[in-house]
Amino acid sequence: QVQLEESGGGLVQAGGSLRLSCTASGRTFSNYAMGWFRQAPGNERQFVAAISEILGYTRYSDSVKGRFTISRDNAKNTVYLQMNSLNPEDTAVYYCAGAQATRMTLVITSFSEYNYWGQGTQVTVSS
């Protein structure tokens, strides 16, 4: 079992930045592929970014590419989402997700392939 806890959400003006953190406990973090998803009111949960267990392979949704950066520090059991140039369309609850990786380069973008989820952290971008 892996427990995930997000932090770093909040209220920011358009054009601003936030860094989300997700700290894992319970299992060997470095064996897990990690991802970030978000869900706005009335919308389905959508993929934002993902990173492989090691080697730093990443993937982003088109809507955040070039603005958001996912990274991880396996020594700290933490994955990060640096969000720059935020706009009101980025307003959502952001969720961290983890799945045991079957290979070191695995990057998971599908919601259904993740086994573990955090409780979410609210990000609100004002115009």
Side-chain angles (χ1 to χ4, degrees):
Q1 190 77 8
V2 173
Q3 292 80 42
L4 303 175
E5 183 173 2
E6 304 96 336
S7 61
L11 174 64
V12 63
Q13 288 189 329
S17 298
L18 282 174
R19 188 177 81 156
L20 306 183
S21 299
C22 172
T23 301
S25 60
R27 286 288 181 93
T28 306
F29 177 73
S30 59
N31 292 343
Y32 284 75
M34 302 296 296
W36 287 96
F37 288 73
R38 67 186 182 186
Q39 188 167 16
N43 291 348
E44 294 184 349
R45 196 168 298 190
Q46 66 174 193
F47 168 72
V48 175
I51 190 166
S52 60
E53 59 171 37
I54 60 174
L55 301 181
Y57 287 84
T58 59
R59 193 167 297 175
Y60 299 91
S61 68
D62 289 343
S63 61
V64 307
K65 197 173 298 182
R67 300 187 297 123
F68 290 12
T69 302
I70 188 171
S71 61
R72 66 190 294 163
D73 184 339
N74 287 341
K76 296 182 179 180
N77 286 0
T78 302
V79 61
Y80 303 98
L81 186 68
Q82 177 66 44
M83 306 186 294
N84 298 329
S85 302
L86 286 161
N87 58 62
E89 289 70 38
D90 296 316
T91 295
V93 177
Y94 283 70
Y95 296 91
C96 173
Q100 193 157 12
T102 56
R103 62 182 187 276
M104 292 185 294
T105 59
L106 181 66
V107 179
I108 301 174
T109 62
S110 171
F111 169 90
S112 63
E113 293 186 54
Y114 282 98
N115 309 108
Y116 303 101
W117 293 87
Q119 294 298 307
T121 185
Q122 176 71 46
V123 172
T124 303
V125 185
S126 62
S127 56

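Scope of the values below: all heavy atoms of this structure, side chains included, with no hydrogens, waters or symmetry mates.
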Following the transitive rule for hydrophobic clusters with a side-chain heavy-atom cut-off under 4.5 Å over Ile, Leu, Val, Met, Phe, Trp and Tyr, establish whether [X] and [Y] coincide in one cluster.
X   : Y    : answer
F37 : M83  : no
V64 : Y94  : yes
L18 : I51  : yes
L81 : V123 : yes
V2  : V79  : yes

Report yes if some heavy atom in the side chain of [X] is under 4.5 Å from a heavy atom in the side chain of [Y]; otherwise report no.
X   : Y   : result
S30 : E53 : no
Q46 : R38 : yes
R45 : Y95 : yes
F68 : L86 : yes
I54 : N74 : yes

[X] side, atom [atom1]; [Y] side, atom [atom2] - distance, nearest 0.5 Å:
X    : Y    : atom1 : atom2 : result
S52  : M34  : OG    : CE    : 12.0 Å
Q100 : N31  : CD    : CG    : 6.0 Å
N115 : W117 : CG    : CH2   : 10.0 Å
L106 : L55  : CG    : CG    : 11.5 Å
K76  : F29  : NZ    : CZ    : 12.5 Å

State, to 0.1 Å, how close [X] and [Y] come at their nearest heavy-atom pair, and which atoms those are.
X    : Y   : value
D73  : Y80 : CB-CE1, 4.1 Å
V125 : T91 : N-OG1, 2.9 Å
L4   : C22 : CB-SG, 3.9 Å
R72  : Y32 : NH1-O, 2.8 Å
G120 : E6  : N-OE1, 2.8 Å
Y114 : A50 : OH-CB, 3.7 Å

Under 3.5 Å: donor-acceptor pair, side chain of [X], backbone of [Y]:
X   : Y   : value
T23 : T78 : no
N84 : T69 : no
Q39 : A92 : no
Q82 : R19 : no

| task | With sequence neighbours left out, write down each residue that passes side chain to side chain donor-acceptor pair (under 3.5 Å) with T124, or none if nothing qualifies. | result | Q122
| More than 12 foreign heavy atoms under 6.0 Å from CZ of R59: is that the case here? | no
| message | Quick check on the 6.0 Å ring-centre criterion: do Y60 and W36 meet it? | response | no
